[in-house]
Amino acid sequence: MKHKQRVYNFSAGPAALPLSVLQEAQRNLLCLPGAGMSVLEMSHRSSWFEGILHAAEANLRKLYQLPDRYHVLFLQGGASLQFSMLAMNFLRAGDTAADYVVTGAWAQKALKEAQREGAVHVAWDGKPDHYSRVPTASELKLTPGAAYVHITSNETIQGVQFEKTPDTSGAPLICDMSSDFLSRPIDAQRYGMIYAGAQKNAGGSGVTIVILQDELLNKAPEGLPSMLDYRLQAEHKSLYNTPSTFAVYLVMLVTRWLLEEVGGLEHMARINDQKAHLLYEAIDCSESFYRGHARPDSRSTMNVTWRLAEEALEKEFLKGAQARGLYELKGHRSVGGMRASIYNAMTLEGVQALRDFMDEFRKRHG
Ligand code: PMP
């Protein structure tokens, strides 16, 4: 189908971006005011690009209130490379195991890569419940003195999310925050490291943001390949080689939008809660016409996942949704059904349109 207008895009990532960010990028594509050239044409060593990189970092520091002892890095290779890189830096050379909390598909992948690098202990695995929930504090079987504890704060495929940061009994907490990065305030100082691919909540694809505590960084061994060495990346302030310049520019625009237009993370979180509530309410009031995948206490505010009674009905739902300009609602093949990804840039209006369609579809077919 051809579209003249923008649709409501519920894609899990790359995902919808704020309209004002796209408009600014469009306005400045040929010529960044003052610079006389496009960001796409600009040397990463130019003072213009350094200004963009510094602004992106400063915005992130402000949003998460990061103290100086945290480094902010802009790396490539996606969150998937971080699965390996963090284990190379903090597990390979040590003699203590790392704890992994396996809440879904992404945590499984992180675990698999770490297993290649050293001793790994599964502190909890949600498989018996089909990855429909996160663990309670008492269920976590942590190793005393663990090299680190790895969690996935939001499982993009299953749609389960930690509401609170789990306690790690003093071990550094490393978090894959790819799909709920910048969606709510966090106490960043409870984390040894946070990493996130930018293409859901922070910009386009091509850059991965790593926030890393200095104490943890200093535990990295010598002799790692340069590109996979956090210490070297931090020393060179993400400019050891050519970074994904346009992707960093988008992160700068999106973080500025969060600060200046949205008004910060508290406000963003309130809007995100409101959006998620609209969809979960439609599920809960549907008398099992819609069946949520995640248990209510572990529901994600970013990826809402649900099924219908029959696959034929699911196909019908997707078709009807598309006809109303509601796109990318098909769930991941491993879970099936629907998934509405409602990251920061998805508007309340877009979610309301989906909610209206869900109610209407149920009345017609329920
Ligand atoms: N972790 C999570 C939670 C994700 O959602 C994704 C991507 N969907 C990844 C890791 C992998 O990210 P990338 O494609 O940037 O490697």
Side-chain angles (χ1 to χ4, degrees), residues 9-17 73-88 100-116 124-126 131-134 148-163 165-166 173-184 186 191 193-211 227-228 233 238 243-244 246-248 250-251 254 272 276 293-294 298-305 328-335 339-346:
N9 174 10
F10 293 93
S11 163
L17 283 164
L73 306 176
F74 299 93
L75 306 180
Q76 297 188 58
S80 300
L81 184 60
Q82 293 308 307
F83 298 160
S84 306
M85 188 168 168
L86 71 92
M88 286 178 180
Y100 274 71
V101 183
V102 186
T103 40
W106 290 108
Q108 275 177 331
K109 288 199 167 164
L111 170 73
K112 182 176 156 207
E113 297 306 321
Q115 279 166 337
R116 299 176 198 271
W124 185 79
D125 191 337
Y131 299 113
S132 60
R133 67 182 186 93
V134 297
Y148 58 84
V149 177
H150 184 280
I151 64 164
T152 310
S153 52
N154 184 73
E155 287 284 356
T156 322
I157 291 176
Q158 282 82 9
V160 303
Q161 183 180 28
F162 281 93
E163 195 190 337
T165 309
L173 177 61
I174 298 186
C175 181
D176 174 1
M177 215 177 267
S178 292
S179 50
D180 60 358
F181 191 60
L182 302 177
S183 69
R184 56 183 176 180
I186 54 166
Y191 295 82
M193 173 173 152
I194 292 166
Y195 63 100
Q199 67 271 24
K200 298 158 200 303
N201 257 344
S205 58
V207 64
T208 306
I209 297 158
V210 174
I211 296 173
M227 285 296 290
L228 303 177
Q233 294 284 8
S238 311
S244 188
F246 197 75
V248 173
L250 286 177
V251 172
V254 170
N272 285 334
H293 176 77
S298 301
R299 283 170 162 174
S300 167
T301 57
M302 297 280 104
N303 311 96
V304 179
T305 49
E328 303 282 1
L329 286 164
K330 193 172 173 16
H332 190 272
R333 58 196 174 279
S334 62
V335 177
R339 169 173 58 175
S341 297
I342 50 173
Y343 302 121
N344 290 350
M346 172 51 68

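All of these numbers come straight from a predicted model, not from anything done at the bench. Keep in mind that the numbers below use all heavy atoms, side chains included, and drop hydrogens, waters and symmetry copies. The first residue of the sequence shown is numbered 1, and numbering continues consecutively from there. Atoms within a ligand are numbered from 1 in the order they appear, just like the ligands themselves.
Regarding atom 3 (C) of ligand 1, its nearest protein heavy-atom neighbour is T156 OG1, 3.3 Å. Scanning all protein heavy atoms for the shortest distance to atom 14 (O) of ligand 1 gives Q199 NE2, 3.7 Å. Shortest contact from atom 12 (O) of ligand 1 to any protein heavy atom: A79 CB, 3.6 Å. At the shortest separation from atom 1 (N) of ligand 1 among protein heavy atoms lies D176 OD2, 2.6 Å. Annotation: atom 16 (O) of ligand 1 to nearest protein heavy atom, S80 OG, 2.6 Å.
In K200, the part holding a heavy atom less than 4.0 Å from any atom of ligand 1 is the side chain. With a heavy-atom cut-off of 4.0 Å, Y195 does not touch ligand 1 at all.
Listed here is the closest heavy atom pair of Y343 and A15: CD1-CB, 3.5 Å. The minimum heavy-atom distance linking Y131 with V102 is given by the pair CE2-O, 3.5 Å. Nearest approach of V210 to M193, heavy atoms of both residues: CG1-CE, 4.0 Å.
Distances between N or O atoms of N154 and those of ligand 1 include no value under 3.5 Å. Taking any N or O of L81, backbone or side chain, none lies under 3.5 Å from an N or O belonging to ligand 1.
Side chains of R339 and I157 form a contact here, defined as non-hydrogen atoms less than 4.5 Å apart. Proximity of T301 to Q161: side-chain heavy atoms (C-beta onward) are separated by under 4.5 Å at one or more points. Counting heavy atoms from C-beta outward, I186 and Y191 have side chains that approach closer than 4.5 Å. Side-chain contact between S298 and F162 is absent, with no heavy-atom pair separated by less than 4.5 Å.
Near S178, with a cut-off below 4.0 Å to any heavy atom, the atoms of ligand 1 are 1 (N), 2 (C), 3 (C), 4 (C), 10 (C). Less than 4.0 angstrom separates some heavy atom of F83 from each of these atoms of ligand 1: 10 (C). Taking every non-hydrogen atom of G78 and a distance limit under 4.0 Å, the qualifying atoms of ligand 1 come out as 15 (O), 16 (O).
Under 3.5 Å, the side chains of S183 and N201 contain no donor-acceptor pair of N or O atoms.
Not a single heavy atom of Q82 lies less than 4.0 angstrom from ligand 1.
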Result block: side-chain N/O donor-acceptor pairs under 3.5 angstrom for residues 74-84, not counting sequence neighbours:
unit_1: Q76; atom_1: NE2; unit_2: T242; atom_2: O; d: 3.0
unit_1: Q82; atom_1: OE1; unit_2: Y230; atom_2: OH; d: 2.5
unit_1: S84; atom_1: OG; unit_2: E113; atom_2: OE1; d: 3.4

